[in-house]
Amino acid sequence: MTTDTLLTVTDFSVVYDVDPPVEAVSHVSLELRRGEILGLAGESGCGKTTLAYGIQRLLKPPAVITSGHTVFHDEAGEDIDLNTLDAAQIRAFRWDKVSMVFQGAMNSLNPVARVGDQLDDVFTTHRPAMRRAERLEEARHLLDLVGVGRDRYRSYPHELSGGMRQRVMIAMAMALRPQLMIMDEPTTALDVLVQREILTQISQLREELGFSVIFITHDLPLLLEISDRIAVMKDGVIVELASAESIYHHAEHEYTRRLLDSFPSLTGERGDFIRGTQREEEAQ
Ligand SMILES: Nc1ncnc2c1ncn2[C@@H]1O[C@H](COP(=O)(O)OP(=O)(O)OP(=O)(O)O)[C@@H](O)[C@H]1O
Ligand SMILES: [Mg+2]
């Protein structure tokens, strides 16, 4: 039976085993709901990327998971405890069920391969039964979905703008229709308008395709616009987790309020802010 919960993280801790050791994530527990956008906010170095990697078992030494576990409640009804998977199972799981758009991802496309072929590679590797024509059509469809357009199939990354390259990365992350996409600061290198456009699109696609998103950024106002719920992290701990609405109006934690106050755009009415008019006006 499927539940409303997609992912349960319990008592999760990660230490970087350096001298002196750094406890980057400390006893974090959270539940991600099916179909929701969960924002993860907090200042640089608070442990956001470490948590995102840790959830998917992507961490490498010197990182050590010192406590906790992650259970993925598959839409097929199975509960998958990621602690019990071997390396090959984890790799398959990562593409099939969960995908990630990495921090600075738009520079990680292969510069000497056409973007369509890079999408095609995802299918060739992970869906060996797909026929060539099917792969081609699916890759074109994905380029349309993320707003790059199928006519860019044969473009090289350097022929695309930063925003388009970022969309291609998002298309790749969506290629196998994962149930969860984790996005780590996917748009910070882009200007505000392009960023907003991409986020609106992710939000729409999420509604159409039904995946959940963990969206990581230090930009709390941005999360207020796009998230259903927001987790605020500080020094490896989630200090607050609530609906975007409630974080905005009644942030309980002093640190959350300071984060909100550190963005000047929050002086106006929330309505303006949500429609995105205020920040753009201020930017002019
Ligand atoms: N490979 C590593 N070795 C040692 N310490 C590390 C390593 N990677 C990260 N850390 C430390 O772990 C803590 C959390 O880092 P992390 O990258 O998860 O933060 P973050 O919240 O994603 O920051 P940012 O917003 O800058 O991306 C920091 O104190 C960082 O210095
Ligand atoms: Mg990070």
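For ligands, and for the atoms within them, numbers begin at 1 and follow the listed sequence.
The Mg ion (ligand 2) has no N, O or S atom of Thr50 under 2.8 Å away, backbone or side chain.
Residue contact annotation: Gly42 has no non-hydrogen atom under 4.0 Å from ligand 1.
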*Which is it for Tyr53 and Val14 under the side-chain contact (heavy atoms from CB on, under 4.5 Å) test, yes or no, and what are the steps along the way?*
CA-CA 10 Å; Tyr53 275 51; Val14 179; over 6 Å; no
*Could you please spell out the steps behind the side-chain contact (heavy atoms from CB on, under 4.5 Å) verdict for Met164 and Val168?*
CA-CA 6 Å; Met164 280 172 142; Val168 172; 5.5 Å; no
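Residue Lys48 has at least one N or O atom closer than 3.5 Å to an N or O atom of ligand 1. Of the polar atoms of Pro62, none of the N or O atoms is found under 3.5 Å from an N or O of ligand 1, judged by distance alone.
With ligand atoms numbered from 1 in the order given, ligand 1 contributes 14 (C), 15 (O), 16 (P), 18 (O) to contacts under 4.0 Å with heavy atoms of Thr50. Atoms of ligand 1 found under 4.0 Å from any heavy atom of Ala24 (numbered from 1 in listed order, with element): 12 (O), 13 (C), 14 (C).
What sits closest to atom 3 (N) of ligand 1 on the protein, heavy atoms only, is Tyr16 CD2, 3.6 Å. In terms of protein heavy-atom proximity, atom 17 (O) of ligand 1 is nearest to Thr49 CB, 3.9 Å. At the shortest separation from atom 13 (C) of ligand 1 among protein heavy atoms lies Gly45 O, 3.6 Å.
Ring planes of His253 and Tyr255: perpendicular class, angle over 60° (limits at 30 and 60°).
In this structure, atom 6 (C) of ligand 1 is in close contact with the protein, since a protein heavy atom lies within 4.0 Å of it. Counting only heavy atoms, the protein gets under 4.0 Å from atom 26 (O) of ligand 1.
Residues Leu109 and Met172 are in side-chain contact: their nearest non-hydrogen atoms beyond the backbone lie under 4.5 Å apart.
Side-chain N/O atoms of Thr8 and His73 include a donor and acceptor closer than 3.5 Å.
Using a cut-off of 4.0 Å between Lys/Arg side-chain N and Asp/Glu carboxylate O, Arg150 and Asp144 are scored as salt-bridged.
The 12-atom threshold is not exceeded at CD of Glu252, counting heavy atoms of other residues, nucleotides or ligands nearer than 6.0 Å.
Shown are Ile80, Leu180, Leu82; of these, the side-chain contact (heavy atoms from CB on, under 4.5 Å) with Lys97 is made only by Ile80.
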